[in-house]
Amino acid sequence: MVCEKDPLVQKITDLYDQISTLDSLKPSKDVNMLFTQLVLTCMPPTHIDVTKLCKKVQQMRSKLIRLCGEAEGLLETHFSTILASYDNPLHHLNIFPYYTNYLKLSQLEFNILTKHCSNVPNEVAFVGSGPLPLTSIVLASFHLKTTSFHNYDIDPSAKSKALRLVSSDPDLSRRMFFHTTDIMDVTNGLKEYDVVFLAALVGMDKDEKVRVVEHLAKYMNPGAVLMLRSAHGARGFLYPVVDPCDLRGFQVLSIFHPTDEVINSVIIARKFPMPKHCSAEHPVGPMKLPNKCFDFDMLNPLLNHVNLMEELDIEDQLS
């Protein structure tokens with residue numbers, strides 16, 4: 001059990017105390033400084049397992065993740081507005097301070113996807129795309145150049161801001177679509193997508209995340225791929241952690257934990273084929289052995305899969 005006396009937790013708690021007293025989380029000198037300190041504090045490898053925090057620290061972590069989510073949304077809104085002032089916004093994406101991180105994360109996710117999918121996806125959905133949908137833009141521009149991207153966000157202003165970024169581009173304006181819709185209200189439409197990306201901040205706590213995943217498992221096509229963003233170690237103070245055991249209805253293929261400035265871990269999973277005795281109303285649960293998350297035989301072909309950025313070996317996960 002990790003409690004508030006841990007030096008790293010003390011430092012993160014101190015930063016949380018400062019962040020939580022700010023008048024606004026909009027980009028400013030103080031906001032930028034505190035969140036930069038927080039990210040640098042949480043980045044290095046650590047012994048901390050955020051699933052084993054004492055109750056007081058866990059409550060602080062939940063509040064901190066929500067503050068991070070709010071600040072991230074305000075940062076993206078700020079830069080999306082600036083970018084929209086250019087004639088060709090996509091030519092100036094590098095003004096966003098974390099653009100390089102998105103390039104690296106998108107490259108990582110594309111590499112993972114191509115190792116587990118033999119065909120280029122025709123239709124991709126990104127859930128929680130926000131006002132600055134950089135993942136969709138980068139993937140569509142550099143990696144999946146014939147794929148259509150459907151971006152979902154519940155905020156109408158996010159849709160309008162994102163649309164302004166691609167409307168002047170003759171290619172992306174034809175392949176990027178934006179929907180102001182709660183993904184929990186999308187049912188049979190999910191069957192259109194070969195791949196669904198779930199943003200890290202969709203489902204801010206475990207119960208919310210599980211509800212979203214269960215909905216996707218109910219309506220995605222069997223064989224379709226789900227790409228999720230998670231966090232590992234102290235990075236779990238910045239983003240929600242996805243427990244692979246909670247991916248009911250999906251076969252987990254690989255879990256990647258970057259060790260550089262890319263903060264998010266990446267999980268790739270495939271929707272199970274629907275057994276004859278099951279239906280969309282009663283999706284199949286995960287294949288389990290006693291006290292284990294996954295079936296050994298099901299995952300055995302994947303155990304030799306290697307990633308240069310540090311992959312969590314499924315075999316280690318099971319031991």
Student: Please check if the side chain of Arg175 supplies one atom and the backbone of Ala140 the other of a donor-acceptor pair under 3.5 Å.
Tutor: yes
Student: Do Ile154 and Tyr219 belong together in a cluster built from hydrophobic side chains that touch within less than 4.5 Å?
Tutor: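 Hydrophobic grouping puts Ile154 apart from Tyr219.
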Student: Any side-chain donor-acceptor pair under 3.5 Å between Asp155 and Ser157?
Tutor: yes
Student: Can you find a side-chain donor-acceptor pair between Ser129 and Asp153 that sits under 3.5 Å?
Tutor: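 Result is no, nothing qualifies.
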Student: Would you check if Thr51 and Asp243 make a side-chain contact, meaning some heavy-atom pair closer than 4.5 Å?
Tutor: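 They are not in contact (no side-chain heavy atoms under 4.5 Å apart), so the answer is no.
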Student: Check for me whether the distance between the ring centres of Phe126 and His150 falls short of 6.0 Å.
Tutor: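 Judged by ring-centre distance (under 6.0 Å), Phe126 and His150 do not meet the cut-off.
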Student: Side chains of Thr135 and Arg229: any donor to acceptor distance under 3.5 Å?
Tutor: yes
Student: Do the side-chain N and O atoms of Gln18 and Asp14 include a donor-acceptor pair separated by under 3.5 angstrom?
Tutor: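 Note: Gln18 and Asp14 side chains meet the donor-acceptor criterion.
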Student: Is there a chain of hydrophobic side chains (I, L, V, M, F, W, Y, each step under 4.5 Å between heavy atoms) that links Leu67 to Phe237?
Tutor: yes
Student: Go through Glu76 and Lys161 one step at a time and tell me if the salt bridge (charged side-chain N to carboxylate O under 4.0 Å, His left out) criterion holds.
Tutor: CA-CA 10 Å; Glu76 291 185 1; Lys161 290 181 184 299; over 6 Å; no
Student: Can you check whether Ser85 reaches Thr81 side chain to side chain, under 4.5 Å on heavy atoms?
Tutor: no
Student: Can you confirm whether the side chains of His232 and Ser265 place a donor and an acceptor under 3.5 Å from each other?
Tutor: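 Side chains of His232 and Ser265: no pair found under 3.5 Å.
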Student: Can Glu72 and Arg66 be counted as an ion pair, charged N to O under 4.0 angstrom?
Tutor: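 Looking at Arg66 together with Glu72, the answer is no, because their closest N to O distance does not fall below 4.0 Å.
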Student: Using the salt bridge (charged side-chain N to carboxylate O under 4.0 Å, His left out) rule, take Lys209 and Asp246 through it: C-alpha gap first, then chi angles, then the decisive distance, then the call.
Tutor: CA-CA 9 Å; Lys209 187 79 72 174; Asp246 289 333; over 6 Å; no
Student: Between Gln107 and Tyr102, do the side chains contain a donor N or O and an acceptor N or O under 3.5 Å apart?
Tutor: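 No - no donor-acceptor pair under 3.5 Å links their side chains.
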